[in-house]
Amino acid sequence: SFTLKGKIYTTGNEPFVELAIQSDDGKVYLISKNSPVYSQLWKNQGNFVVVEVVKTETKGLEKGKILVKSFKVLSK
């Protein structure tokens with residue numbers, strides 16, 4: 001696992017809105033809906049956070065997205 005610091009935001013259009021984090025270096029990571037903290041992250045859109053990433057999904061609709069186990073809000 002690894003940690004990632006960045007800003008939480010949504011991308012895409014209804015009904016296909018995705019939750020993402022943009023890291024300090026500008027890289028964007030889509031967040032898997034299978035993440036245990038997905039709904040809490042959704043409520044933190046626009047905030048800078050540090051997330052703990054367990055793995056990158058390898059199968060199904062969430063393939064390529066990061067699985068976030070926990071997070072901490074740095075600033076709003």
Counting neighbours of NZ on Lys33 that are heavy atoms of other residues, nucleotides or ligands and sit closer than 6.0 Å, is the number greater than 12? yes

Checking Lys65 now: which residues fulfil salt bridge (Lys or Arg N to Asp or Glu O under 4.0 Å) with it, not counting sequence neighbours? Glu18, Glu62

Partner set under side chain to side chain contact (heavy atoms under 4.5 Å, CB included) for Lys63, not counting sequence neighbours: none

Hydrophobic cluster partners of Phe16 (side-chain heavy atoms under 4.5 Å): none

What residues form a side chain to side chain contact (heavy atoms under 4.5 Å, CB included) with Asp25, not counting sequence neighbours? Ser23, Lys27

side-chain hydrogen bond (donor to acceptor under 3.5 Å, both in side chains) partners for Ser35, two or more places apart: none

Given a cutoff of under 4.5 Å between side-chain heavy atoms of I, L, V, M, F, W and Y, with clusters grown through shared members, what are the other residues clustered with Leu67? Val54

Looking at residues at least two apart in the chain, or sitting in another chain, which of them share a side-chain hydrogen bond (donor to acceptor under 3.5 Å, both in side chains) with Ser70? Glu52

Connected to Leu4, directly or through other members, by ILVMFWY side-chain contacts below 4.5 Å are Phe2, Ile8, Val17, Leu19, Ile21, Tyr29, Ile31, Val37, Tyr38, Leu41, Trp42, Val49, Val51, Val53, Ile66, Val68, Phe71, Val73

Sequence neighbours excluded, the answer for side chain to side chain contact (heavy atoms under 4.5 Å, CB included) partners of Val28 is Tyr9, Ala20, Gln22

Straight-line distance of Lys69 NZ to Lys55 NZ, nearest 0.5 Å: 13.0 Å

